[in-house]
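A short write-up of the structure that comes next.
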Amino acid sequence: MKPGDLIELVLDDEVLKGTLVQSPDPETIVLKLSNGYNVAVEKSRVRKTVLVSPLVEASVIKKPRQVEMRKGLPLISILHTGGTIASKVDYRTGGVVARFSPEEILAMFPELNGIANVTSRLVSNMWSEDMRLAHYNVMAMEVRKEVESGADGIIITHGTDTLHYTSAALSFALQGLGIPVILVGAQRSSDRGSTDARLNLLSAAYFIANSDFAGVAICMHETISDTSCLILPALKSRKMHTSRRDAFRPINALPIARVCYDERGIEFKGDYRKRDKKSRLGLKLFNEGLKIGILKAHPNMYPEEFSSYRDFDGLVIEGYALGQLPINAVDEKTNIHSRNLEELRLLCAKMPVVMSSQSIYGRIQLDVYSTGRDIKAAGVLGHLSDMTPETAFIKLAWLLSNHSKDEIRLLIAKNLIGEIAERSEKEAFLI
Ligand code: ASP
């Protein structure tokens, strides 16, 4: 039997069924079970091995799919960038690695063609942890191509780890976007029975085809079951769980809408920008050479942590709660904290330094404690902002790419396109 074959191992007390995965140890057999977990069994425990079905390689369609345009259906363009949604399990290693082509993904979810005329194109084939500012520019330019060729909406398939950075980046880069651009990922690869890719993709397509929403948003599972998806604000969402299918949650905001694909229902939760195909899309891209850091406050901080960013163009700090940092010398154990403050002052003199909160929810308020006041007096920006650290990072990168330092001081904590909520709603906590 070969890796990838579906087999049964008959043991004394149980029968294990799963896909054979290459084992690193000649004395054990490794099976990938249907729940996605791997189990290793010592060969000496196996009484009998049964081949249930041999591995069937997914056929690779070489030619790009010819799209037959059906009248009355909107045109959706899917741009693929990689991630788990485009991957399958490699049974040699048991890990998720090998990638599907765009055509294979379409072939796997044929229902998409009932919702819209769908075209599909590969932009990149990468894990999202490798994304850089340059990739946001490529995606923005690819979106512009699709807008110019008449797409009614765009789905971008993407790895989930940094999907919320990309959604924020595209929101800033795509100025005057008159159609929906929906980012979709998956926590389970598309070849698995438990994949969330199907519902996420179908819900995104259904939402584009049956609503008048315009702008960038995220479409991911609302719960751990295949019941509904949420359309989430591109600038105010975050991956809040390492592996659950409902990992993406809105932060300091409500979801834009709920899509119940099986019932063909869309329920809007609040105001949104309406579609306008005549709107002129202008790109405001990122300066790809920028160096921006994110520094997280923690107990026992040293001044060198601050000074290590001296040669950077900008810094986001994840302070404690309202925006605190260890800068008070309260006894001999904390004398070093006055040097933290000194280094912070030096950084602020050289570059924009923006405070965000590691509490994730809530607003930066630097006036409440004297610590905050000292931080503000040192030149730290971001007072009253409720941006996530990720959105603050992207906004700072975009401002540094398109505005002067003086403008940045004014614009960073001002709501430009929905990245800062005007009011803190109590319902917008732990949704
Ligand atoms: N590490 C992967 C990525 O972000 C995870 C995923 O795709 O969900 O590309």
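Remember, it's 1-based here, ligands and their atoms both numbered in the order they're listed. Count residues from 1 along the sequence. Heavy-atom basis, side chains included; hydrogens, waters and symmetry copies ignored.
The shortest heavy-atom distance from A186 to ligand 1 is under 4.0 Å.
Of the protein's non-hydrogen atoms, the one nearest atom 3 (C) of ligand 1 is E129 OE1, 3.2 Å. Closest to atom 6 (C) of ligand 1, if we only count protein heavy atoms, is T84 OG1, 2.9 Å.
Listed by atom number, the atoms of ligand 1 under 4.0 Å from W127 heavy atoms are 2 (C), 9 (O). Numbered from 1 in the order shown, with element, the atoms of ligand 1 that lie under 4.0 Å from a heavy atom of G83 read 7 (O), 9 (O).
Taking only nitrogen or oxygen atoms, main chain and side chain alike, D161 reaches within less than 3.5 Å of ligand 1. Of the N or O atoms in T162, none lie within a sub-3.5 Å distance of an N or O in ligand 1. Backbone and side-chain nitrogen or oxygen atoms of S128 are examined, and one is located within less than 3.5 angstrom of a nitrogen or oxygen of ligand 1. Between T160 and ligand 1, a contact under 3.5 Å exists for at least one N or O pair.
Salt bridge E407/R409: absent, no basic N to carboxylate O contact under 4.0 Å. R198 has no carboxylate O lying under 4.0 Å from a charged side-chain N of D226, or vice versa, which leaves the two without a salt bridge. Ion pairing between a basic and an acidic side chain is recognised when a charged N comes within 4.0 Å of a carboxylate O; D196 and R245 show no such pairing.
Each of I76, I78, N117 was checked for a side chain to side chain contact (heavy atoms under 4.5 Å, CB included) with L112, and the lone residue meeting it is I78.
The environment of OH in Y302 is sparse: at most 12 heavy-atom neighbours from other residues, nucleotides or ligands sit within 6.0 Å.
Of all heavy-atom pairs spanning K395 and E419, the tightest one is NZ-OE2, 2.6 Å.
In this structure, F429 and Y361 have perpendicular ring planes: the angle between them is above 60°, well past the 30° mark.
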